[in-house]
Enquirer: 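After the structure tokens below, expect a handful of questions from me.
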Amino acid sequence: MDIKRCVDCPHTQRVLQKAGINDMESLAALTYEDLLRLRGVGPVIAGDLMKRVEEWRQSHAEQTVSGNDRL
């Protein structure tokens, strides 16, 4: 999923894109410490991104489960 669908802050979007992170799958692979190493990301942004990843994972899991109900 494109990062812009889950991250609405233009600054954060630019920082992630400059780091080559363009989708939620790539973002989810990073740890909090990985995020802090990115130029332009501090504790507040890293914490927000971790929260958004968790929300995305829950949403993604719910979609997967509901998709299996149709089988």
Side-chain angles (χ1 to χ4, degrees):
M1 174 184 288
D2 191 310
I3 204 86
K4 291 180 182 179
R5 296 184 74 188
C6 296
V7 178
D8 54 356
C9 174
H11 167 77
T12 304
Q13 289 175 4
R14 282 191 305 274
V15 167
L16 293 173
Q17 288 173 343
K18 284 183 179 182
I21 303 163
N22 298 304
D23 55 51
M24 288 304 293
E25 291 81 0
S26 299
L27 180 59
L30 299 177
T31 65
Y32 180 80
E33 290 77 20
D34 293 335
L35 291 171
L36 289 176
R37 289 186 198 107
L38 299 176
R39 182 178 175 95
V41 175
V44 173
I45 292 175
D48 182 57
L49 288 172
M50 294 304 289
K51 178 181 167 188
R52 295 197 186 250
V53 165
E54 186 57 34
E55 291 169 355
W56 172 78
R57 282 184 176 146
Q58 289 176 356
S59 171
H60 188 67
E62 289 171 7
Q63 290 174 358
T64 303
V65 169
S66 67
N68 288 338
D69 291 343
R70 296 180 191 159
L71 295 177

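Because the structure is a prediction, the values reported are computed rather than measured. Every heavy atom of this structure was used, including side-chain atoms; hydrogens, water molecules and symmetry mates were not. For reference, positions follow the sequence shown, starting with 1.
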Enquirer: What side-chain donor-acceptor pairs closer than 3.5 Å can you find for residues 19-28, not counting sequence neighbours?
Expert:
from	atom 1	to	atom 2	distance (Å)
Asp23	OD1	Glu25	N	3.4
Asp23	OD1	Ser26	N	2.7
Asp23	OD1	Ser26	OG	2.7
Glu25	OE1	Met1	N	2.9
Glu25	OE2	Met1	N	3.2

Enquirer: Got a second to check how far Leu35's CG is from Leu30's CG, nearest 0.5 Å?
Expert: 5.0 Å
Enquirer: With side chains defined as the heavy atoms from C-beta onward, is the minimum distance between Asp48 and Val7 less than 4.5 Å?
Expert: no
Enquirer: Say you draw a straight line from NE2 of His60 to SG of Cys6; how long is it, rounded to the nearest 0.5 Å?
Expert: 11.0 Å
Enquirer: So which heavy atom on Ala46 is nearest to which on Leu36, and how close?
Expert: CB-CD2, 3.8 Å
Enquirer: Nearest 0.5 Å, what's the CD1-CZ distance between Ile3 and Arg52?
Expert: 10.0 Å
Enquirer: Can you name the nearest heavy-atom pair linking Arg37 to Asp34, along with the distance?
Expert: NH1-OD1, 2.7 Å
Enquirer: Less than 4.5 Å apart, any side-chain heavy atom of Leu38 and any of Ile45?
Expert: no
